[in-house]
**Student:** 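This is the structure, below, for whatever I ask next.
These numbers come from the heavy atoms of this one structure, side chains and all, not from hydrogens, waters or symmetry mates.
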Amino acid sequence: MSAKTWSDWGTLPLEVLSMILSNFHRRLRFADLLASSMVCREWYVQARRLIDDRIFQNFLASDNYVFEDIQRIPSLLAKSKRLGLDFLNLIEEMTICPVFADDDEFEGFVEAYATVLHLQPPNLTRLQIHLGNENLTPEYFRWLFDRLEPLCGGIRSVHFRGHTGSTISTLFMNVIRHYASVSRLAVFLRSVAPNLETLSFSNMSLDSRWCNSMSACSSLRELRIDGAIVENLAPVLGFLLNMSKFCYTCEHEGYWDAAMVIAALSHPRLTDLTYECTHSLDEPTVPVEALCDALRQCPLLERLKLSGTLLVDDAFLSALLKEGRELKHIELEWSNRLVGNAVVWNREAGWPRARTVSLYGCDNVIWQFLHSMQVACPKLEIMKLPDHMLDGNFV
């Protein structure tokens, strides 16, 4: 039937409309379904059930759309807001990841991001910013963040993502290549810092400019650093007075890495700490006593994961049993220095609230220690053992 036959598509019989959309929705792009839902109330009902809400969870990630959709979707969202539809309410996180061939396409991405932010989706509080595109020169960074920065007042969480799979050498090369870009990004971070509650970095190099901006994150509660090269961040952690969760993973354990863990443990509000190393050195980079002293300043700690670090030994575990009375989840993994025969047990030692304990990868732990720990953890529900005890299974 030709388009001329129908002057009002809203009068299309519902069973026909349902059949058309159901048969063709897999071929239709998201923007097409979004547009279809705004023809009239009947079309909205039929098209809405075919729109997967999950597409809003990683909104405007470029691998989910073609460029034409990036241009169309913001104007469609603006129309949906005028119509009182629910699509804007579904957006909780937006991905800034322009993939472009020329200046015109880049401008299209920038205006798409700006339009969505200007619409002020009520639940949009998180940004993911991908920095792995080699086409993003300092000029493009300035263009992008000069436009977006004034619109980010409602953002509470930012995740900066570098080059996936980067090695240490490539991270250093990216620092040199994008030195001016980092300056603009650090300015952006400082502008949104007062409202941030969560901040994450992946596969990047964090120099003093980043650290200076982080010191302005006075409301920050969670800091995650994964696979990054970091200059001395320990002093910055002293400014993050509200931080309750700190997660840090690195490839090669160094002095600054351990110093950051000690600085994080010195936070009286800290409840969750994760520190993972892929490769450790031959000797601890800081005295274990310093780690034990920091632990005494962290009375609220409930979850602790230390993996692949030389900081974990019998002396540290003795202090943890004495000071970590609030711990509920303990993971001490891949530590050959942890044996258990020198752990100090007394009436005050133990984890009375512990629910889960993992010693996976601690191949030198002895059975006697295991039995003593079970007594010291009366509420223990799950324990993960090293392979030499029970093939790594749960008991």
Side-chain angles (χ1 to χ4, degrees), residues 221-224 243-249 258 260-277 280 284 288-395:
R221 297 185 180 183
E222 180 177 346
L223 176 60
R224 305 181 67 91
M243 186 175 69
S244 60
K245 184 174 183 178
F246 180 62
C247 179
Y248 182 76
T249 63
M260 271 192 292
V261 174
I262 292 175
L265 277 174
S266 300
H267 275 260
R269 297 188 181 183
L270 192 71
T271 61
D272 191 327
L273 173 66
T274 296
Y275 175 44
E276 298 183 74
C277 303
S280 59
V288 174
E289 292 78 10
L291 191 60
C292 296
D293 289 340
L295 187 63
R296 297 184 183 97
Q297 303 178 50
C298 195
L300 302 180
L301 193 64
E302 295 184 350
R303 182 182 295 272
L304 176 66
K305 179 175 183 178
L306 300 176
S307 176
T309 172
L310 293 175
L311 296 174
V312 176
D313 63 2
D314 286 4
F316 169 73
L317 188 55
S318 296
L320 190 63
L321 284 163
K322 181 180 179 181
E323 306 294 341
R325 305 287 291 176
E326 299 298 316
L327 282 169
K328 296 179 180 179
H329 307 281
I330 305 104
E331 298 178 61
L332 306 175
E333 299 182 342
W334 299 105
S335 175
N336 291 327
R337 292 167 57 86
L338 183 59
V339 179
N341 58 1
V343 173
V344 177
W345 297 95
N346 55 50
R347 183 175 299 179
E348 297 179 355
W351 299 317
R353 304 182 65 187
R355 302 291 185 180
T356 62
V357 173
S358 175
L359 300 174
Y360 188 71
C362 300
D363 295 332
N364 293 325
V365 170
I366 60 176
W367 277 102
Q368 290 86 343
F369 166 74
L370 179 62
H371 294 312
S372 298
M373 190 176 64
Q374 287 178 312
V375 174
C377 305
K379 295 184 178 181
L380 191 63
E381 299 173 354
I382 297 176
M383 179 181 292
K384 191 174 184 182
L385 303 177
D387 288 343
H388 73 282
M389 289 185 168
L390 199 60
D391 296 326
N393 294 320
F394 288 93
V395 296

**Student:** Has the side chain of Asp314 got a donor or acceptor atom that lies under 3.5 Å from a matching backbone atom of Val339?
**Tutor:**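 Such a contact is found between Asp314 side chain and Val339 backbone.
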**Student:** Please lay out, stage by stage, how Phe246 and Tyr248 fare under the test side chain to side chain contact (heavy atoms under 4.5 Å, CB included).
**Tutor:** CA-CA 7 Å; Phe246 180 62; Tyr248 182 76; 3.8 Å; yes
**Student:** Can you tell me how far apart CG (Asp272) and CG (Leu301) are? Round to the nearest 0.5 Å.
**Tutor:**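 Asp272 CG to Leu301 CG: 7.5 Å, rounded to 0.5 Å.
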**Student:** Under a 4.5 Å cut-off applied to non-hydrogen side-chain atoms, are Leu223 and Met243 in contact?
**Tutor:**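 Yes - at least one pair of side-chain heavy atoms lies under 4.5 Å apart.
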**Student:** Rounded at 0.5 Å granularity, tell me how far CG in Leu300 sits from CG in Leu327.
**Tutor:**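 Rounded to the nearest 0.5 Å, the CG-CG separation comes to 11.0 Å.
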**Student:** Quick one: closest heavy-atom pair of Leu359 and Leu338, and the distance?
**Tutor:**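 Looking at all heavy atoms of both residues, the closest pair is CD2-CD2, 4.1 Å.
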**Student:** Going through the checks in order, is the side chain to side chain contact (heavy atoms under 4.5 Å, CB included) test met by Trp334 and Thr309?
**Tutor:** CA-CA 8 Å; Trp334 299 105; Thr309 172; over 6 Å; no
**Student:** Using 0.5 Å steps for rounding, measure from the CE atom of Met389 to the SG atom of Cys362.
**Tutor:**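 Separation between the atoms: 9.5 Å.
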**Student:** Of the non-hydrogen atoms in Cys298 and Leu265, which two are nearest, and what is the gap between them?
**Tutor:**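 Where Cys298 meets Leu265 most closely, the heavy atoms are CB-O, 3.1 Å.
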**Student:** Given side chains that start at C-beta, do those of Met373 and Met383 come closer than 4.5 Å, heavy atoms only?
**Tutor:**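 Result yes, sub-4.5 Å side-chain heavy-atom pair found.
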**Student:** Do Lys328 and Arg303 make a side-chain contact, defined as non-hydrogen atoms from C-beta onward lying under 4.5 Å apart?
**Tutor:**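 A side-chain contact under 4.5 Å is absent here.
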**Student:** How many angstroms lie between CG in Leu317 and NZ in Lys322, if you round to the nearest 0.5 Å?
**Tutor:**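 The distance works out to 14.0 Å.
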**Student:** Is a side-chain N or O of Thr271 found less than 3.5 angstrom from the main chain of Ser244, in a donor-acceptor match?
**Tutor:**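 Yes; judged by distance alone, with no hydrogens or angles, the pair exists.
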**Student:** First locate atom CD1 of Ile330, then atom NZ of Lys384, and finally report the distance between them rounded to the nearest 0.5 Å.
**Tutor:**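 Output value for this atom pair is 15.0 Å.
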**Student:** Check the pair Glu326, Arg353 against side chain to side chain contact (heavy atoms under 4.5 Å, CB included), reporting the backbone distance first and the verdict last.
**Tutor:** CA-CA 6 Å; Glu326 299 298 316; Arg353 304 182 65 187; 2.3 Å; yes
**Student:** Rounded to the nearest 0.5 Å, how far does OG of Ser358 lie from CG of Leu332?
**Tutor:**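 Answer for the CG-OG pair, Leu332 versus Ser358, is 8.0 Å.
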**Student:** Would the number of heavy atoms belonging to other residues, nucleotides or ligands and lying under 6.0 Å from CZ of Arg355 be above 12?
**Tutor:**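 Yes, the 6.0 Å shell around CZ holds more than 12 heavy atoms from other groups.
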**Student:** Closer than 3.5 angstrom, by distance alone: can the side chain of His388 be matched with the main-chain N or O of Val365 as a donor-acceptor pair?
**Tutor:**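 Checking the backbone N and O of Val365 against the side chain of His388, a donor-acceptor pair under 3.5 Å is found.
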**Student:** Got a donor-acceptor contact below 3.5 angstrom from the Arg337 side chain to the Leu310 backbone?
**Tutor:**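 Between the backbone of Leu310 and the side chain of Arg337 there is a qualifying donor-acceptor contact (under 3.5 Å).
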**Student:** Do side-chain atoms of Arg325 reach the backbone of Trp351 as a donor and acceptor pair under 3.5 angstrom?
**Tutor:**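 Absent.
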**Student:** Heavy-atom distance under 4.5 Å between the side chains of Glu331 and Glu333, does that happen here?
**Tutor:**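 With C-beta onward as the side chain, the pair touches.
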**Student:** Quick check: do Thr274 and Leu306 have side-chain heavy atoms less than 4.5 Å from each other?
**Tutor:**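 SC-SC contact between Thr274 and Leu306 ruled out.
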**Student:** Identify the heavy atoms of Leu370 and Leu385 that sit nearest to each other, and give their distance.
**Tutor:**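 What the structure gives for the nearest pair is CD1-CD2, 3.7 Å.
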**Student:** State, to 0.1 Å, how close Ser266 and Ala294 come at their nearest heavy-atom pair, and which atoms those are.
**Tutor:**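 For Ser266 and Ala294, the tightest heavy-atom pair comes out as OG-CB, 4.0 Å.
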**Student:** Taking C-beta and beyond as the side chain, do Thr249 and Tyr275 meet within less than 4.5 Å on heavy atoms?
**Tutor:**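 Thr249 does not reach Tyr275 side chain to side chain.
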**Student:** Determine whether Leu380 and Thr356 satisfy the following criterion, side chain to side chain contact (heavy atoms under 4.5 Å, CB included), listing intermediate values before the conclusion.
**Tutor:** CA-CA 6 Å; Leu380 191 63; Thr356 62; 5.5 Å; no
**Student:** Which heavy-atom pair separates Pro352 from Gly350 by the least distance, and what is that distance?
**Tutor:**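 Taking Pro352 first and Gly350 second, the nearest heavy atoms are CD-O, 3.4 Å.
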**Student:** Taking it one step at a time, do Arg224 and Glu222 satisfy salt bridge (charged side-chain N to carboxylate O under 4.0 Å, His left out)?
**Tutor:** CA-CA 7 Å; Arg224 305 181 67 91; Glu222 180 177 346; 3.4 Å; yes
**Student:** Looking at Ser335 and Val312, would you say the former's side chain and the latter's main chain have a donor-acceptor pair under 3.5 Å?
**Tutor:**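 Between the backbone of Val312 and the side chain of Ser335 there is a qualifying donor-acceptor contact (under 3.5 Å).
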**Student:** Nearest heavy-atom pair of Asn336 and Asp363: which atoms, and what distance?
**Tutor:**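 Shortest heavy-atom separation between Asn336 and Asp363 comes out as OD1-N, 4.2 Å.
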